Structures are given as C-alpha cells and as structure tokens.
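Everything on this sheet refers to the single structure shown next.
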Amino acid sequence: MVELPEALPTGDSSQFIATEHFVASADGVVAVVSADDGREVLARPGRTGMDALSDGSLLVTTGRMVGDMPENGPLVRIRPDGTTDEIAGATASAPVVATPGQEGRVLIDTAYTDLADGDRLWSMQGLQQYSSPELAVADDREVVVRDNGKIISVDTRTGQERWTSPAGRAYGSTSHSVTDGERLITPTAEGGLVALDLEGGTAAWTLPAASLGNVPPAGDSTPRAALTFALGDRLVTLTSTAITGFAPTGPRAIVPGTERRSATGDGGTTYVTPCGSPPVFEPQSFRTASGGLVVTFKVTAKCPGGDVLYGPQTRITISDGSGLIASGNFDFQRSPVAVPSLDDAGSGLTLELTYPPGSFFRLPDTLPDGTSAGPGTAGAGSTGSNAGGGRYLVDCDKGPTSGAPPSLTVPESGTSSASAVATGPALPAGADVTASSANALRLQADSDRAFILANLNNRWVAQLSSKRPGLVADGRTWGDQAILDEFLALRLRFNDVRLLYSDEWPIFSYSGWWVTVAAATFPGPAEANNWCRAQGFDPDHCFAKLIRTTGGPEGTTVYWK
C-alpha cells in the first residue's frame, strides 16, 4: 500500500497509465508503483501530465501549493530501473508517433527538448505556456503540435512554422490524434474528423460528427471532440455516445516524413528513409573467394517506407547454434544502399558481402547445405534462416551515423543489388570468440575427414602447419582463434587445404594438435617436398606427410633441407 501525500486541487481531471514497468495515476497526487511487485517508486503532489517514453521511462508532472494556488513543476523522469531525475518545467508532451531520429525528444513548456542531454533545441512561438499542447508527430522533417484549437507544424531542425490549421480540442484528455504517415487524423471543432496532409496542412478528407454517431450532450449545441485511436488495421473513434470502427480503405501506412510510390507510376518518385529497426537479412548462399567468405543475402526493410544503409561502421554478424560464422564492419558511407520494403520489391535487395580473413570463422562446407539458405524468422534486430535443417541468425547494428541521410529512391522490383567488403572484424557484445573458434576447428575437421579418406588416404601430401592451443612458436602463443585464422588463410591461398585432428589419426605421435595439409597428392615424399620449395616455404613450415589410417607414425614424415 502506498501512503500518499496531501493532494493538490485538480477539478475533475485525472489520469491513469500502465506500462511494462510501471502503474501510475495522477489525481492531485502522482503515484507510481513498480508493475512487477507494487513497490512504491514515486508519490508526490501533482496533477495530470504523464507520458510513457520509448525507452520505457515515465515523464510525470509534479507540483506544489504556492499560497492558495497550485503550481506545476518540476517534471520527473522515472527510468525503468526506478531511478529518477528532475527536469525544470511545468508541462511536457511526448510525441504520439516519432521516427527513430526523434525518439527521446519531448515538448517541455514551449521548448523542443532532447532528454539525452537536456538541450532545448528551439521554442515554439505562439504557444501558451500552460495550455498543455499535444505533440502528435515528430519526424525528421516536421514536428506537429495540437494546441488550443489549432494544429501547428514546424521544421524539426529550426522550429520555424511550416503551416497551421484549425482543429477541435480533445475533451478531457490528450494524445488522440493518429497518423498514417501522410496525414494527421484529428478531431474537428464540430465533433467530426479531418485528415490533414502532413506536407501542407490541407484537408484530404473529413467525416462529420453524424458519421461517428457523435451527438451533443444535453444542453450543448456542439458535440464534444471525438477521441481517435489506431487499433491494428482499423481506425476507431470514441465519443460520449458511440464507438465506431472503420475498416481499412487505402494502402498500407508509411513512415511519417516519407513519400508513397504512385500506384500508376506517374510522378511517383519515392525516397527511402532510415528505419528504426534493422533490415531483415536472409542468407541465400555462401562461397569462398580470394578475398574471403562471400555471403549473398536477400535484404528487406521492416518499415513500409524502406530503409537506407549509410553508416561508416555497420556491423553485420552471422551465427548459428555452434557460434559465430562471420562478423565484420561495413562502410556504406561512400556508397549508401537503398533497401526496399517487402511491399516495394518482392525480391528484396540482393546484397553480396565479403568477409576478409580475420572476420570469418567458418567455411561453406561446415554449414548445413552451405551453398544455399532458405528464409526464416528471428527476434528483433536479427534474421533467422533455415537451411538443411540448420538455422542462421543475422544481427545488424547500423552503428553511428552523421549528417542527413542520403536521398535514395526506392529500387524497382527485381533490379536492386549491391556489394561491400568488410573493413575489418567487429564482434557483437558478449561474443565468445574462443568457443566459436574451437567449435569451428572441430566442425572443419569433421567435415574434412570424409574427403581425406576418399582422396588422400595412403598418399603423400604436403603438411603446412601443426598447432595446439598454448604452443609458443613463430614469436607468438597460439590459441584456438589464431590456429583457425591460419588454417583459413591457407585455405584461401591454396584453394583446397584440409584439417586433421591428431588424436583421430595414427600417423601423429602427439595428441591435441590441429594439422593442416594441402589437398594435392604426390607419388612420393621427394615430390611433396619439391612442391614446398616451389611455394616458398622453409623446411620448418612445409614437408612431406603420408596420410593413412593404419600403422603408426613411423615412416610417415620426411623432412627436407
């Protein structure tokens, strides 16, 4: 039970909010408890004014009595872990809809404020400080505010007015305008609905109060404003006398600030914009080339307006149940890539990524059906693919970006392709490189065993390396990752080398060693050693080895000088 302080006078105004982390009410007292266990988080005098933020925080308005009059402020931000900080201000409004670049920005009094650093970016002119304006939409082009019977659109960067339009005032609450990305659907002063074009503020369509079943209360001549909600694929209005649901009649909603492709193709230039969620990556094929591991993906955007990769350090990681397959940073800053949504390009973007040595752990022959992969699903930020009974997870971290995103048009269906080479390895947080390397060595030796038995058994080959974890040689201490990197580099250099584990072959005297041999065979040890000379190896790093499954190590190794 929460013991509440003395309440402020509030008239007939109250507010209640429930989120994943908190349950809160405001009715003269702002009371916030943990949704997990009911623990008191905050209890202060305060009136209505609570907003849930995108990071799970709450922003609430507290208050005090000054003489005989209640006064709002300060604002209190409550983070998901229960910690709080105070922010100067009397009123606040978080956007009902915000694009990724504007998340964490709110309207405090008349100032558009970035909560990350408290920077007040600009102030809106003409707002009444205590009018409790509603911040309806915040995208990278404009901020749209409902205030005191009108809609105001201002430039996101400067706060300069773009357009204004009259509108009704939602009765008794806020945050009841919705958007489909192109229009703001909001109450009219006459109790109906109007859809305002976000580009210029003109009315695209209107619905009269009668269409919403909205009738004036007894003694009034005008219906109260309808409250509007977007529920699934339907628009729902709530009035004092009726709840009305409208079936969808137009195309799928888009990201605010973007443009929709013309259905007829006339004047339908559409530009992709950054999406808040990473694109969906579906591996289609794996192969090796001289530059490294080459992976072909089908890539589609999660946002209906498409997406764009334009950061200098975009990390793309592929893994499966055995650990990492490849992980590297890709620089898309010089050559940005437009990613279509599934609606815009059914075949998606074909993206070929090359992971150089040091940024990949596995070869295609160790992957389930390593030449192809089918589509699948995974959690946010990742893509799963099933192939040959296996499952791939692809994690994309777009990394830092600077400046405005490039203007790229939505690719036409079936024509979109791009390629990039990783600038270097990049590992996700918490990645276990040692375990991934050890698993990769084990899988490679298992994969190579059948080939060795079929093609190298009872034949002379060139042994290129033998290493075990903890070995000190060539000026370094060898671990699983270094052993794997050396094997992969030799595989790329000679196109076909194979890996053996010494415990599984009687031709080796010691256990626990990973041995790399070239797949070319020779009639005798002299020819194998001549091959070593021709390739520029010294006698310590390449010599003749006889592969066989019977007998001991005697007579299976011939060195040269």
Side-chain angles (χ1 to χ4, degrees), residues 54 98-105 114 116 138-142 155-157 181 254-261 268-283 294-318 326-345 347-356 359 380-383 394-429:
S54 60
T99 51
Q102 304 306 313
E103 289 180 350
R105 294 181 174 181
D114 192 334
D139 63 46
D140 295 333
R141 178 181 61 188
E142 66 185 329
D155 185 277
T156 302
R157 294 171 300 172
I254 65 172
V255 175
T258 62
E259 300 177 45
R260 188 183 301 280
R261 180 187 298 278
T269 301
T270 309
Y271 295 93
V272 295
T273 56
C275 176
S277 300
V280 176
F281 287 76
E282 298 178 8
V294 182
V295 186
T296 301
F297 296 92
K298 174 185 174 182
V299 188
T300 51
K302 290 184 178 178
C303 292
D307 200 356
V308 57
L309 299 174
Y310 69 103
Q313 293 180 318
T314 300
R315 176 182 56 78
I316 301 174
T317 301
I318 317 168
S327 187
N329 269 335
F330 294 85
D331 185 356
F332 294 107
Q333 192 167 42
R334 292 186 178 181
S335 299
V337 176
V339 181
S341 70
L342 201 56
D343 288 348
D344 287 322
S347 59
L349 164 72
T350 298
L351 181 61
E352 186 176 270
L353 299 181
T354 299
Y355 293 85
S359 61
S382 299
T383 303
V394 182
D395 176 55
C396 174
D397 181 352
K398 292 185 177 181
T401 56
S402 60
S407 296
L408 300 178
T409 58
V410 174
E412 295 294 333
S413 179
T415 65
S416 180
S417 63
S419 63
V421 178
T423 57
L427 300 174

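Please read all numbers here as calculations on a predicted model, not as lab measurements.
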Find out whether V337 and F330 are in side-chain contact, i.e. whether some heavy atom of one side chain is under 4.5 Å from a heavy atom of the other. no
Is any side-chain heavy atom of E352 closer than 4.5 Å to a side-chain heavy atom of V294? yes
Taken in chain and number order and not counting sequence neighbours, the residues that satisfy side-chain hydrogen bond (donor to acceptor under 3.5 Å, both in side chains) with Q102 are R105, Y112, D140
List in chain and number order the residues that pass salt bridge (charged side-chain N to carboxylate O under 4.0 Å, His left out) with E103, two or more places apart in sequence or in another chain; answer none if no residue qualifies. none
Residues forming a side-chain contact (heavy atoms from CB on, under 4.5 Å) with D397, sequence neighbours excluded: R315
For a quick check under 3.5 Å, do S327 and T317 share a side-chain donor-acceptor pair by atom type? yes
How would you list, by chain and number, every residue that makes a side-chain hydrogen bond (donor to acceptor under 3.5 Å, both in side chains) with Q333, sequence neighbours excluded? none
For T314, all residues meeting side-chain hydrogen bond (donor to acceptor under 3.5 Å, both in side chains), sequence neighbours excluded: none
With sequence neighbours left out, write down each residue that passes side-chain contact (heavy atoms from CB on, under 4.5 Å) with P425, or none if nothing qualifies. S359
Side-chain touch V308/F332, heavy atoms, less than 4.5 angstrom: no
Holding to side-chain hydrogen bond (donor to acceptor under 3.5 Å, both in side chains), I want the full list of residues that pass it with N329, two or more places apart in sequence or in another chain. none
Within the structure provided, determine whether I318 and F281 are in side-chain contact (heavy-atom separation under 4.5 Å). no
Could you measure the distance from the OG1 atom of T296 to the NZ atom of K298? Nearest 0.5 Å is fine. 14.0 Å
Pairing residues for T401 by the side-chain contact (heavy atoms from CB on, under 4.5 Å) criterion, not counting sequence neighbours: Y310
Measuring from atom CG of L353 to atom OG of S419, what distance do you get when rounded to the nearest 0.5 angstrom? 8.5 Å
